[in-house]
Amino acid sequence: SRGSVSAWQRRLGRKLRELVGEIPSRTKRPPLRTRTLWRQERATGTIEKVRFTAEPGAEVCAYVCLPKGVEAPYDFFICLQGHSTGAHVSIAVDREDEFKKIRPDSGDRAFGLECMKRGIAALCIEQRCFGLRREQVQKRRWDHGCVDATMHALMLGRTMIGERVFDIDRGIDYLASRGDCNMKTLGVMGNSGGGTASLFSAALLPRVKLAMPSCFFCTFRDSIMSIGHCVDNYVPNILLWAEMADVMGLFAPKPVVLVAGQRDPIFPIAGVRKAFRQLKKIYRAERAANRCHLVVGSGGHRFYAKAAWPVMQRELKRLKSGR
């Protein structure tokens, strides 16, 4: 009921932070030590590659995409790829030769370019154990590089989800240090494993103001508890405390656009709709039901830019107008 949501969010938020593992406070973080590696011009704006320190032993690579013809401060979205070849997909370049353009991904995952086309800036982060941060030393026994990194995190009392959320929080530290980011309109988005990280970062990081997770939101029961998934999707003990709608409900009443595929084989649409009904109850209790959206594409496990972005742009416009 209205009035009880914020108290429930505080209780569950504390527990969720405990479950995903330590996210160091801003007073206990090392300097970012940001370096710009290269810069290139595109028809839609400027792209530069940066590197900054998340914590000792963890360096984050990211592409900063600034749209042409737009004045600072920019509306920024943090963009996250899932189990792909890496963040280079977000700007449609070859991973090994970043000055070689490739055809944009058919699943609408060129997030950085899509943001720039819409006058939105992007910070496209390379997530831990993906792309340039994949395992390249230890002999691999698994199909996906996330297995070793996730198991190492568990041995350290952490989770891969928690570590990725921390990298996103450090990305927000970096954006704040630039001075050209509108911190009041900061969004996060991603598909698949990027949808996972965007959902949990929305739930855990107060500086995130808009969220657009794709191809992850469902019930835990109908997705990762019923269908084989990569180990980086799991948080020990979470089902003793929350279903996925509860986790996303920590973001209420802020605007969320959830994206799903009608024929997604690993996040079944029936479970997605069930979770959305649960989430809608939380938003309704906050009198914000009209800030909670579900966009369903006709295909499978991918992002749906033409369907999702207009909904998000309306929410962005509303947020900027203060309505």
Side-chain angles (χ1 to χ4, degrees), residues 2 5 9 75-80 82 107-109 111 114-115 117-120 122 182 184-192 194-220 222-223 242-264 267-323:
R2 182 160 177 79
V5 175
Q9 287 175 324
D75 303 316
F76 260 94
F77 266 77
I78 294 176
C79 303
L80 307 160
D108 290 346
R109 290 180 295 185
F111 300 140
E114 292 287 340
C115 284
K117 278 171 27 181
R118 293 169 171 83
I120 298 169
N182 184 351
K184 295 179 180 179
T185 60
L186 180 61
V188 64
M189 65 172 294
N191 186 72
S192 191
T196 310
S198 58
L199 186 147
F200 276 89
S201 62
L204 290 166
L205 304 180
R207 291 184 289 178
V208 175
K209 307 301 182 185
L210 298 150
M212 189 159 55
S214 174
C215 290
F216 176 69
F217 183 77
C218 191
T219 64
F220 290 130
D222 293 303
S223 56
E243 250 291 358
M244 200 184 302
D246 302 316
V247 176
M248 191 72 249
L250 295 177
F251 195 58
K254 291 185 278 190
V256 59
V257 179
L258 300 155
V259 184
Q262 182 71 36
R263 299 197 300 273
D264 190 333
F267 294 98
I269 194 61
V272 172
R273 295 192 186 280
K274 186 190 307 179
F276 185 67
R277 289 192 295 271
Q278 296 166 353
L279 179 62
K280 201 81 167 179
K281 290 180 182 178
I282 299 170
Y283 270 78
R284 194 173 294 119
E286 281 284 80
R287 297 182 185 173
N290 61 339
R291 302 294 175 234
C292 178
H293 309 275
L294 174 62
V295 173
V296 180
S298 60
H301 190 74
R302 49 161 291 182
F303 188 64
Y304 295 90
K306 289 182 180 179
W309 268 115
V311 182
M312 178 52 75
Q313 285 179 285
R314 286 196 294 272
E315 287 295 349
L316 177 58
K317 183 178 179 180
R318 181 200 64 82
L319 190 62
K320 292 176 74 172
S321 68
R323 289 186 285 109

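Taking OG1 from T185 and CG from L319, the interatomic distance works out to 6.5 Å, rounded to the nearest 0.5 Å. Separating the CD atom in E114 from the CZ atom in R118 is a distance of 4.5 Å, to the nearest 0.5 Å. The CZ atom of R263 sits 10.5 Å away from atom CZ of R302, with the distance rounded to the nearest 0.5 Å. The CG atom of L258 sits 10.0 Å away from the CE atom of M244 when rounded to the nearest 0.5 Å. Going from atom NZ of K280 over to atom CZ of R291 covers 10.5 Å, rounded to the nearest 0.5 Å. In this structure, L210 CG and F251 CZ are separated by 6.0 Å, a value rounded to the nearest 0.5 Å.
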Decide yes or no on side-chain contact (heavy atoms from CB on, under 4.5 Å) for F276 and C292, but give the supporting numbers first. CA-CA 9 Å; F276 185 67; C292 178; 3.5 Å; yes
Check the pair T196, L80 against side-chain contact (heavy atoms from CB on, under 4.5 Å), reporting the backbone distance first and the verdict last. CA-CA 9 Å; T196 310; L80 307 160; over 6 Å; no
Would K306 and D108 count as a side-chain contact (heavy atoms from CB on, under 4.5 Å) here? Give the steps. CA-CA 9 Å; K306 289 182 180 179; D108 290 346; 5.6 Å; no
Checking side-chain contact (heavy atoms from CB on, under 4.5 Å) for the pair H293/E315: CA distance, chi angles, key distance, verdict? CA-CA 10 Å; H293 309 275; E315 287 295 349; 2.7 Å; yes
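C79 and A122 get closest at one heavy-atom pair: SG-CB, 3.9 Å. Across S201 and V188, no two heavy atoms sit closer than the pair OG-CG2, 3.7 Å. Summarising the geometry of V208 relative to A202, their closest heavy-atom pair is CG1-CA, 4.3 Å, with the distance given to 0.1 Å. Pairing each heavy atom of V247 with each of A242, the nearest pair is CG2-CB, 4.3 Å. Residue D75 comes nearest to I120 through the heavy atom pair O-CG2, 3.2 Å, listed as atom of the first residue, atom of the second, then distance. Between A307 and V295, the shortest heavy-atom contact is CB-CG1, 3.4 Å.
Judged purely by atom type and a 3.5 angstrom limit, Y304 has no side-chain atom pairing as donor or acceptor with the backbone of G107. Between the side chain of Q262 and the main chain of V296, no donor-acceptor pair closer than 3.5 Å is present.
Annotation: side chain of Q278 is not in contact with side chain of K281 (no heavy-atom distance under 4.5 Å). Proximity of C115 to W309: side-chain heavy atoms (C-beta onward) are separated by under 4.5 Å at one or more points. The shortest side-chain heavy-atom distance between L316 and P255 does not fall under the 4.5 Å cut-off. Using a 4.5 Å heavy-atom threshold, the side chains of V256 and Y283 count as touching. Using a 4.5 Å heavy-atom cutoff, the side chains of S192 and R109 are not in contact.
Below 30°, between 30° and 60°, or above 60°: for F267 and H301 the angle between ring planes is below 30°, a parallel geometry.
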